[in-house]
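Just below is one structure, and these are the notes that go with it.
Numbering of ligands and ligand atoms starts at 1, following listing order. Numbers here simply count residues along the sequence, with the first being 1.
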Amino acid sequence: MEEKKFSETSRKHYMKGGDGPDSYARNSEYQKQVLISAEDLIHQQIDEHLNIQIPRFDPQNTFRIADFGCSIGPNTFYAVENIISPVKNKYEKSNQNQTPDFQVFFNDLVGNDFNTLFRNLPSNRKYFVAAAPGSFYDHLFPKKSINFAHSSIALQWLSKIPKEVIRRGISKGRIHYLGGEKEVKEAYAAQHEEDFGRFLNARADELVDGGLMALHMVGFADGDAFSLSGIQIEYEILQSCLEDMVELGKITKEKVDSFNLPHYFPSESELKALIEANGSFCIGKIAKLALPARSKLGPKGLTLQIKATLGMLFEEHFGNEVAEEVFKLFLDKLVERPALLDHKYWEHTIYFVFLKRKGVN
Ligand SMILES: C[S@@+](CC[C@H](N)C(=O)[O-])C[C@H]1O[C@@H](n2cnc3c(N)ncnc32)[C@H](O)[C@@H]1O
């Protein structure tokens, strides 16, 4: 193995572990709906693009799948079944190739609660499992060893807050680029360009020639990056809760100024440009997914979902007690203004991106 540098993020970019009432495992139904809405597309794309002569190099006839940013479950199990089923169908229809064994690698940051994930593996699964801990912005597998790479609602997490934002303090008074100054947005976009480029480079090395990749990514429609969206509303309410905590004397303004959310939401044209610049993949499809209404979650459900996803970051920066209070305030604000749950605000875009590693037709 070549000497590789692993850049494990020290920040708590992972989800709330365990299977308690505020865990990600119990508050990720919305993310599951994204997988459900992509189900037909994945089946079609696999049928169209999978070359079952691959892996020719593999005498064990094993089809290897990696789910990048798998979290704790149970969504990742659903995602994996949704890949295995059309792959199997394709082999069975061919009558020539023996159906392979399946091996699934679950990837997430080392701080992810892999214990809960492995405790809850479906008992009737028909695949072998292994963990692949580490940042998906690094290389995680040997060259040409993976047949199918998958990632859902994970690539909006940048590897870090852009250096410029911290060095120049340009996002003081805001916890994110949405609704902020142009230069802050540009710094986030540059960080995304670097990170997504690293993700594509690593996967290009790890996938077999003709290997497939399906991504579900949160984004904005082209030209829509500054319109009022659910994500922006969510972040502005969180910010106002932090401001309330400053007024209450529980945290300092400086502490809030030094807090930024490490998320970026690209547009379709940004994604296309980055994939084309990388040059290792053919684009099978980029499509927008229809999304279920978040308003169905109600104020409590939405607060729990956001807390399960972002809570660890708040705990890391402000401590547990403050984080708890922030999310209580957040819930109060949603209860006071339930109009904020209206579907029109929460229709942000999820892109389904299907790619094929160049090298074999
Ligand atoms: C919102 S969850 C999505 C989980 C799952 N894919 C689903 O659909 O429910 C995002 C996941 O990405 C993981 N993640 C964030 N940055 C990562 C990185 N650099 N490398 C690996 N995983 C990362 C987080 O730890 C988290 O588990």
Min heavy-atom dist Phe68 to ligand 1 below 4.0 Å: no
Straight-line distance of Asp22 CG to Thr303 OG1, nearest 0.5 Å: 12.0 Å
Is the His317 ring parallel, tilted or perpendicular to the Phe259 ring (thresholds 30°, 60°)? tilted
Ligand 1 contact on Val34 by region, counting heavy-atom pairs under 4.0 Å: neither
Mind checking whether Tyr137 and Phe196 have ring centres under 6.0 Å apart? no
So for Gly134, does at least one of its heavy atoms come nearer than 4.0 angstrom to any atom of ligand 1? yes
Run the side chain to side chain donor-acceptor pair (under 3.5 Å) test against Asp47 and tell me which residues pass, sequence neighbours left out. Lys93
May I ask you to check if Arg203 and Phe199 form a cation-pi contact, with NZ or CZ under 6.0 angstrom from the six-membered ring centre and within 45° of the axis? yes
Ligand 1 to Asn107, heavy atom cutoff 4.0 Å, flagged ligand atoms 21 (C)
Just distances here: any N/O of Ser152 and N/O of ligand 1 closer than 3.5 Å? yes
Close approach, Ser28 and ligand 1, non-hydrogen under 4.0 angstrom: no
If the cut-off is 4.0 Å to any non-hydrogen atom of Trp157, which atoms of ligand 1 fall inside it? 15 (C), 16 (N)
Any N or O of Ile153 closer than 3.5 Å to N or O of ligand 1: no
Considering the heavy atoms of Ser71, write down every atom of ligand 1 situated less than 4.0 Å from one of them. 4 (C), 27 (O)
Any idea which atoms of ligand 1 are less than 4.0 Å away from a heavy-atom of Tyr137? 19 (N)
Part of Asn75 within contact of ligand 1 (heavy atoms, under 4.0 Å): side chain
Looking at the rings of Phe102 and Phe128, which for Trp means the six-membered one, are their centres under 6.0 Å apart? no
So is there a nitrogen or oxygen of Ser135 less than 3.5 Å from a nitrogen or oxygen in ligand 1? yes
Just checking, Lys32 and Tyr78: is the charged tip under 6.0 Å from the six-membered ring centre and within 45° of the axis? yes
Restricting to heavy atoms, the pick from Thr76, Asp108, Thr309, Leu117 nearest atom 26 (C) of ligand 1 would be Asp108
Hey, can you tell me if His216 and His150 have their rings parallel, tilted or perpendicular (30° and 60° cut-offs)? perpendicular
For Glu325, which residues count as a salt bridge (Lys or Arg N to Asp or Glu O under 4.0 Å) partner, sequence neighbours excluded? Lys250
Proximal candidate to atom 11 (C) of ligand 1 [heavy atom criterion; set Gly17, Ala25, Gly69]: Gly69
Location of contacts on Cys70 toward ligand 1, heavy atoms closer than 4.0 Å: backbone
Kindly indicate, with the supporting measurements, whether the criterion side-chain hydrogen bond (donor to acceptor under 3.5 Å, both in side chains) is fulfilled by Tyr188 and Glu183. CA-CA 9 Å; Tyr188 269 78; Glu183 56 182 346; over 6 Å; no
